[in-house]
Each structure stands twice: as C-alpha cells, then as structure tokens.
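Take a look at the structure below.
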Protein chains: 2
Amino acid sequence: MKYSHKLSDAIHILAFVEIFQGGDVSSTMIASSIESNPSLVRRLMSQLAKADLLITRPGVSAASLARPAATISLLDVYRAIDDSQQLLHVDPKTSMACPVGRNIQSTLDDVYDRVQQAAEAEMAKVSLAEIIQDLQAKINA
Amino acid sequence: MKYSHKLSDAIHILAFVEIFQGGDVSSTMIASSIESNPSLVRRLMSQLAKADLLITRPGVSAASLARPAATISLLDVYRAIDDSQQLLHVDPKTSMACPVGRNIQSTLDDVYDRVQQAAEAEMAKVSLAEIIQDLQAKINA
DNA sequence: CTTTGGTGTTACTATTTAAGTTGCAAGTTA
DNA sequence: TAACTTGCAACTTAAATAGTAACACCAAAG
C-alpha cells in the first residue's frame, strides 16, 4: 500500500453499485472486485454515504447512488474521501530564524493552491456517468 | 513525515542558493534553514544537479543555479524530485474476474492523466524567479 | 420469533514510504 | 597536513494507508 488508492476504490464502489444495481452489491461482493476486504469497503461506503453520494441501509445490502451519476463529479468523490485534501504538501517545519525559512511556507501555500485549483477544476469536469459509460463500452467490447 | 516535502524542500534549496549567492550555501547552512539535516539536503541537491537545475562542486560549498531562475519552472523541479510523478494513484490490484475490476484501471488511468496534465500545466506557469521575488518582497517588508 | 447474514464502527496489526541518521571515501583550500 | 566539504550508501525511525478482526445492531426469511 505504498500510495493511497482510496479515491480509486471509492470510484470503483460507486461504479460497481450503479452497474450491478439490482444484483449483489454487498460489501463482500464489492471487496472481491477490488480484491480488498469487506471492512475496508464498508468504511469507504460509509464515507460516501456521509457525503450524500451513496444511500446505504443498515443490515441489508441495497446500496444505490444518492443522485444520478451524471451529477456526481470526480471532485465530489475526492472531497468525500480524501483526508488531507491536498495533492502537494508544504514542509511545515522550517527555521523561523532564517529569512527564507520564515517566508517560504506562505509563498508555497499560494503556489500549491494554484496547482490544487487547476487539478480540482479538472476533477470537476469528470462525471461518474462518463466513467461508467467508459467502463460499459469496454465491458461490451 | 506523513507527506512528502521533497518538492517544497527542493524549492527551498534553490531559492536559498540564489538569495544567498556569494554567502554560505553549504548543505549544513541550508539544512538549518529547512530544519533538517545536511545529508538530506545533499541528496536533494544531488538530484537537482542531475536534472541540470543546480551546479555543485565536490568538496566546496559553492552551489549555484544552472540557469536563470526565470527559466526554471516548478514543473522542472517537480520532475527532478518527484519519484512517482503521479499525484493520484490507480489501485493496481483489482479483480480480473469482474467486469468492473478488469476495466477500471485503464479507465481511471485516462481520467487521472487529465488531472495530472492540468496540474502540471499550472506548475509550468510558475517560475522559480516568481517564488524568489515573492520571498524577497516578504523579507523586505 | 429465532436464525442467518449484512451493515456500521472501532480497535488493532502489517506494510511501506519518506524522513532522519550515520559513516566514510574523496575533493578542496589554507 | 589539517580542517572542512561534498557525494554516496546503508541503516533506523516515524507516520500513513491497507488489511484484519471483533462486535453491536439491523433486517429479512423460515
């Protein structure tokens, strides 16, 4: 688990639930598709439900999207599951005794924020519907 | 050290070297500004030198930028330092037995690539000169 | 109404990566 | 030569994610 796959797995879950709607969408079934374990899937599903992207019901495996896939963007999913909300990270420990160390953090905050905005703007352009459509096309091929 | 600060530290080094050109730009001095250790700084400086962004000399602390700061972009530094070169990571272990698991990787590869392009385009717009200018303004204030 | 199985949640363990550390050969200058 | 530096490699430490286990609670089926 070198890098975080939370975002990928969350999208995987949402796509799985939508594509196999009416079939078995239990955490165990989804876990086998992700090749992970049910507990991890339930944790992510819980976060997605809290972000109002997924509707779940205690005790019964009947998850479904909370809104049409076309109205769910990659950014919505990113915001639902990502903890740090940051793609780049400023070193929080620099010397206040040095002119550069004292000011570099706020300078980089500004710069990184611009990069973050650009990335998030692109994420906002991608809908879950597009991803599902792409998957369906590959499945049918 | 939960998140990587390599990029931030690399920019810190380049800015330090340029701002204190002619002064003490030893790895020990820079390390005290980053509040890290000289070995880590030398490792990063070595990577920057290999990427032709910094000129170093064995045995003597006389590092200097390899090109004018205006011609060094954040993207140049990012490419010199970042190991994975990826801001988002696709889960490489999904079930080939499942239609979704089998196809999700390539679908997400495409999507993540778009986000990466957007982020890198923004990084390309930021020059080291801008960062140094911003730092100098704060130092003089 | 009891059995079976799923969810929701928490706590814990394992793995992995970056950061920090140490050591030393080799280069440089006084 | 002496004192300092870089360059490089190996090792240790720390922190985040992934993986696992346990269990209370809920829901449908018999």
Side-chain angles (χ1 to χ4, degrees), chain A residues 1-10 12-13 16-17 20 23-51 54-64 78 81-95, chain B residues 1-10 12-13 17 23-51 54-64 78 81-95:
Chain A
M1 61 298 261
K2 45 212 303 192
Y3 302 110
S4 176
H5 307 136
K6 283 186 196 175
L7 181 59
S8 298
D9 292 344
H12 192 141
I13 289 169
F16 191 101
V17 164
F20 293 111
D24 184 352
V25 292
S26 66
S27 61
T28 303
M29 192 64 184
I30 298 174
S32 82
S33 176
I34 298 182
E35 286 194 352
S36 177
N37 59 79
S39 187
L40 182 71
V41 172
R42 289 203 291 273
R43 223 176 335 197
L44 283 171
M45 289 177 87
S46 172
Q47 287 184 269
L48 292 169
K50 286 197 178 90
L54 192 68
I55 293 172
T56 59
R57 287 179 56 205
V60 56
S61 48
S64 62
Y78 174 74
I81 61 95
D82 198 80
D83 304 312
S84 81
Q85 303 288 348
Q86 290 292 323
L87 295 170
L88 296 172
H89 301 274
V90 173
D91 190 336
K93 184 174 69 71
T94 56
S95 171
Chain B
M1 58 295 263
K2 50 208 304 191
Y3 303 110
S4 177
H5 306 135
K6 285 186 195 175
L7 180 60
S8 298
D9 292 344
H12 192 142
I13 289 168
V17 163
D24 184 352
V25 292
S26 66
S27 61
T28 302
M29 192 64 184
I30 298 174
S32 82
S33 175
I34 298 183
E35 287 194 351
S36 178
N37 60 79
S39 187
L40 182 71
V41 172
R42 289 204 289 274
R43 225 178 331 197
L44 283 170
M45 289 177 86
S46 172
Q47 288 184 267
L48 292 169
K50 287 199 177 88
L54 192 69
I55 293 171
T56 59
R57 287 178 56 204
V60 57
S61 49
S64 61
Y78 174 74
I81 287 314
D82 198 80
D83 303 311
S84 82
Q85 303 287 347
Q86 290 293 322
L87 294 170
L88 296 172
H89 302 274
V90 173
D91 190 336
K93 185 173 69 72
T94 56
S95 171

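Within every chain, numbering begins at 1; the chains are lettered A, B, ... in the order of the sequence lines, protein sequences first and strands thereafter.
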Whole angstroms only, please: what is the [atom1]-[atom2] distance between [X] and [N]?
X	N	atom1	atom2	result
B:H89	D:dA18	NE2	C1'	15 Å
B:M45	D:dT5	CE	C1'	11 Å
A:H5	C:dT17	NE2	C1'	12 Å
A:D9	D:dA18	CG	C1'	10 Å
B:I55	D:dG7	CD1	P	12 Å
B:L44	D:dC8	CG	P	13 Å
B:K93	D:dT17	NZ	C1'	13 Å
A:I81	D:dT17	CD1	C1'	12 Å

To the nearest 0.5 Å, tell me how far [X] [atom1] sits from [Y] [atom2].
X	Y	atom1	atom2	answer
A:I30	A:L40	CD1	CG	11.5 Å
A:T56	A:K50	OG1	NZ	9.0 Å
A:S36	A:L44	OG	CG	8.0 Å

*asked:* Please compare B:D91 and B:S27 by the position of their nearest nucleotide in DNA chain D and report the one closer to 5'.
replied: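 Closest to the 5' end, via its nearest nucleotide, is B:S27.
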Just N and O in the side chain of [X]: are any of them under 4.0 Å from OP1 or OP2 of [N]?
X	N	result
A:S61	C:dG5	no
A:S46	C:dT9	yes
A:K50	C:dT9	yes

*asked:* Can you tell me whether the side chain of A:S39 and the base of D:dA21 have a donor-acceptor pair closer than 3.5 Å?
replied: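 For A:S39, whose side chain was compared with the base of D:dA21, there is a donor-acceptor pair (under 3.5 Å).
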The side chain of [X] lies closest to which of these nucleotides: [options]?
X	options	result
B:N37	C:dT21, D:dT5, D:dA27	C:dT21
A:R42	D:dA10, C:dG27, C:dT9	C:dT9
B:S4	C:dA19, C:dT28, D:dA18	C:dA19

*Counting any heavy atom closer than 4.0 Å, what does B:S36 reach on the DNA or RNA strands: base, sugar-phosphate only, or nothing?*
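Sugar-phosphate contact only - B:S36 comes under 4.0 Å of backbone atoms but never of a base.
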_What's B:R43 touching, base or sugar-phosphate or nothing? Going by heavy atoms closer than 4.0 Å._
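Counting heavy atoms under 4.0 Å across all strands, the contact made by B:R43 includes a base.
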*Is a side-chain N or O of B:S33 found less than 3.5 angstrom from the main chain of A:T94, in a donor-acceptor match?*
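No, B:S33 side chain to A:T94 backbone: no donor-acceptor pair under 3.5 Å.
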*asked:* Closer than 3.5 angstrom, by distance alone: can the side chain of A:K93 be matched with the main-chain N or O of B:E35 as a donor-acceptor pair?
replied: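 Side chain of A:K93 to backbone of B:E35, a donor-acceptor pair under 3.5 Å: yes, one is there.
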